[in-house]
Structure formats: structure tokens, C-alpha cells
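Reviewing the structure listed below.
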Amino acid sequence: MKKLILLIALVMTVSAASAQLFKKKDKTVEPQYKEGMVPVVNGKVTFETDIKAEGLTAAQILEKANEWLATRFVKPTVISAKRFDETPAVPIIKSEEYIVFKNTFFVLSRARIYYYLTLTPHDGYCTFNMSRITYWYDDEDENGGIKMKAEEWITDNNAFNDKGGLKKFEGKFRRKTIDLKNSLVEELSKKLNSK
């Protein structure tokens, strides 16, 4: 009798485990990555948003933005960053950093992302613009890896399959790019609205 109960318990455990193993993955695209979330302006992927900073003048916003840039765009957060000061009142940064897809003891999957960030201060808000986005995937490959432009990779036309789901490879770049943009906007917003 004990053997029969043990056998039934074992069969139920194996059945439950195999059901989990072969369960279809949810193909629903999270709202922040759905179609329309990667804007294309004049043929270029361009994320632009106004960040509120109520009560601050353009000069105060510029000062706080410069403080944030000086702490955010340094190693080890970025690989490299170059600042362009043709117009000192409008900071422009060219950044190179990693987006990490998987980081475990055995696997490190990442790509370099390059982008330009332009911050335009106004009285009461700052215009955030992230554009000219490119990637270098598997840069340590002996063949030099793959270099891609965001326009050819993460746009609605390229990142989604015929069923409306994100493609596996393009989808992970789309997710990480949007995550990076959202993180930058959030960090800058906190800085501008801190006392």
C-alpha cells in the first residue's frame, strides 16, 4: 500500500513538473514595450519628453542637469562619455555603455549601446532627447560582432512578428533600450525635483 501511495505521489510530481516545463509562455507584450512606444522622427528613433521642474528657471534646471550629468556619465556606469558644449546652455552627451540581457555565473550576454542625449532647459521644464542610437552586439567576438542601428532593429516594423508579439532577438534590444530611456528620465526627474 505504501509503495502504491509513493508511486501515485511520484507520478503526480512528475506530471506537475512536466506541465510547467512544457507550458506555453505568455506572448503578451508588456504595455511599456508595445507598438508605438519607439517613436521614429524623420526616419530616426528619437525618444523625446518634457520633464517637469516646477518653480525652476532654465538656469536652475541647467545647473541641476549639469550636476546629474557629472555623476551619471562616469565610469563604471558608462564605458565612455563625451560632452559637446557648442551651446553651453544645451548639454549634449554622446554615451557608450552596456545593456545587459543576462548575467549569471556561467553566462554574460550584453551589448554596447551608443546614443546622444540632449537636455534643453526651459523655465519650469527640461526637454529630454535621446537619439542616434546604435548597438554593437558581441563585441568580443573574433569577427567583430554585429553593429546595428536602432531604426533597423527596435522599431515597430522590425521588432514585432506577424502575430503581434516581440521577436526574440530584436525584442530584447527594444526592451533594454526603453528601460534605459525610462531610467534616465526617472533619474533626471528626481534630480530636477529634489530640494
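Quick caveat, the model's predicted, so the values are computed rather than measured.
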*Any sub-3.5 Å donor-acceptor pair from D85's side-chain atoms to T87's backbone N or O?*
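It does not hold such a pair.
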*Are the side chain of N158 and the backbone N or O of I154 linked by a donor-acceptor pair below 3.5 Å?*
no
Can you see which heavy atom on [X] is nearest to which on [Y], and at what distance?
X    : Y    : value
D123 : A58  : OD1-N, 2.7 Å
V29  : G164 : CG2-O, 3.8 Å
F73  : V78  : C-CG2, 3.6 Å
K176 : V100 : CE-O, 3.0 Å
R83  : P91  : NH2-CB, 3.5 Å
F101 : K172 : CE2-O, 3.6 Å

Look at the side-chain heavy atoms of Ile, Leu, Val, Met, Phe, Trp and Tyr, link any pair under 4.5 Å apart, and say whether [X] and [Y] land in one connected group.
X    : Y    : answer
V90  : Y115 : no
I92  : I51  : no
I99  : I146 : yes
Y137 : W153 : yes
L117 : F84  : no

*Answer yes if the ring centres of Y114 and Y135 are under 6.0 angstrom apart, and no otherwise.*
no
Rounded to the nearest 0.5 Å, what separates atom [atom1] in [X] from atom [atom2] in [Y]?
X    : Y    : atom1 : atom2 : result
L62  : T57  : CG    : OG1   : 9.0 Å
E35  : L166 : CD    : CG    : 9.0 Å
K191 : L188 : NZ    : CG    : 10.0 Å
E187 : L69  : CD    : CG    : 10.5 Å
Y33  : T177 : OH    : OG1   : 10.5 Å

Flag side-chain contact, heavy atom, 4.5 Å: [X] against [Y]:
X    : Y    : value
I61  : H122 : no
L184 : N182 : no
K34  : E30  : no
Y98  : I113 : no
W68  : K190 : no

*asked:* Given the ring of W136, does K147 sit roughly above its face, with NZ or CZ under 6.0 Å from the centre of the six-membered ring and within 45° of the axis?
replied: yes
_Would K52 and Y125 count as a cation-pi pair here, with the cationic atom under 6.0 angstrom from the ring centre and within 45° of the axis?_
no
Step through the shown structure and confirm whether more than 12 heavy atoms of other residues, nucleotides or ligands are within 6.0 Å of [atom1] on [X].
X    : atom1 : result
R132 : CZ    : no
K149 : NZ    : no
K94  : NZ    : no
K167 : NZ    : yes
Q32  : CD    : yes

_Just to verify, what does E63 make a side chain to side chain contact (heavy atoms under 4.5 Å, CB included) with, not counting sequence neighbours?_
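So E63 forms a side chain to side chain contact (heavy atoms under 4.5 Å, CB included) with E67.
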*Take R174 and E170, measure what salt bridge (Lys or Arg N to Asp or Glu O under 4.0 Å) needs, and give me the verdict at the end.*
CA-CA 6 Å; R174 183 181 176 100; E170 293 87 340; over 6 Å; no
*Verdict with reasoning, E97 to K75, per salt bridge (Lys or Arg N to Asp or Glu O under 4.0 Å)*: CA-CA 9 Å; E97 55 193 90; K75 292 181 180 182; over 6 Å; no
_Within the 3.5 Å criterion, strictly below it, is a donor on S95 or Y116 matched to an acceptor on the partner's side chain?_
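No, Y116 and S95 have no side-chain donor paired with an acceptor closer than 3.5 Å.
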Report, one line per pair, each donor and acceptor closer than 3.5 Å where one atom sits in a side chain of residues 38-50; sequence neighbours left out.
| residue | atom | partner | partner atom | Å |
| --- | --- | --- | --- | --- |
| T46 | OG1 | K44 | O | 3.2 |
| E48 | OE1 | N129 | ND2 | 2.6 |
| D50 | OD1 | T127 | OG1 | 2.8 |

_With side-chain contact (heavy atoms from CB on, under 4.5 Å) as the criterion, how do M148 and T134 come out once you've worked through the C-alpha distance, each side chain's angles and the decisive distance to 0.1 Å?_
CA-CA 6 Å; M148 306 157 287; T134 58; over 6 Å; no
*Check the pair K82, E96 against salt bridge (Lys or Arg N to Asp or Glu O under 4.0 Å), reporting the backbone distance first and the verdict last.*
CA-CA 9 Å; K82 181 178 180 183; E96 173 188 3; over 6 Å; no
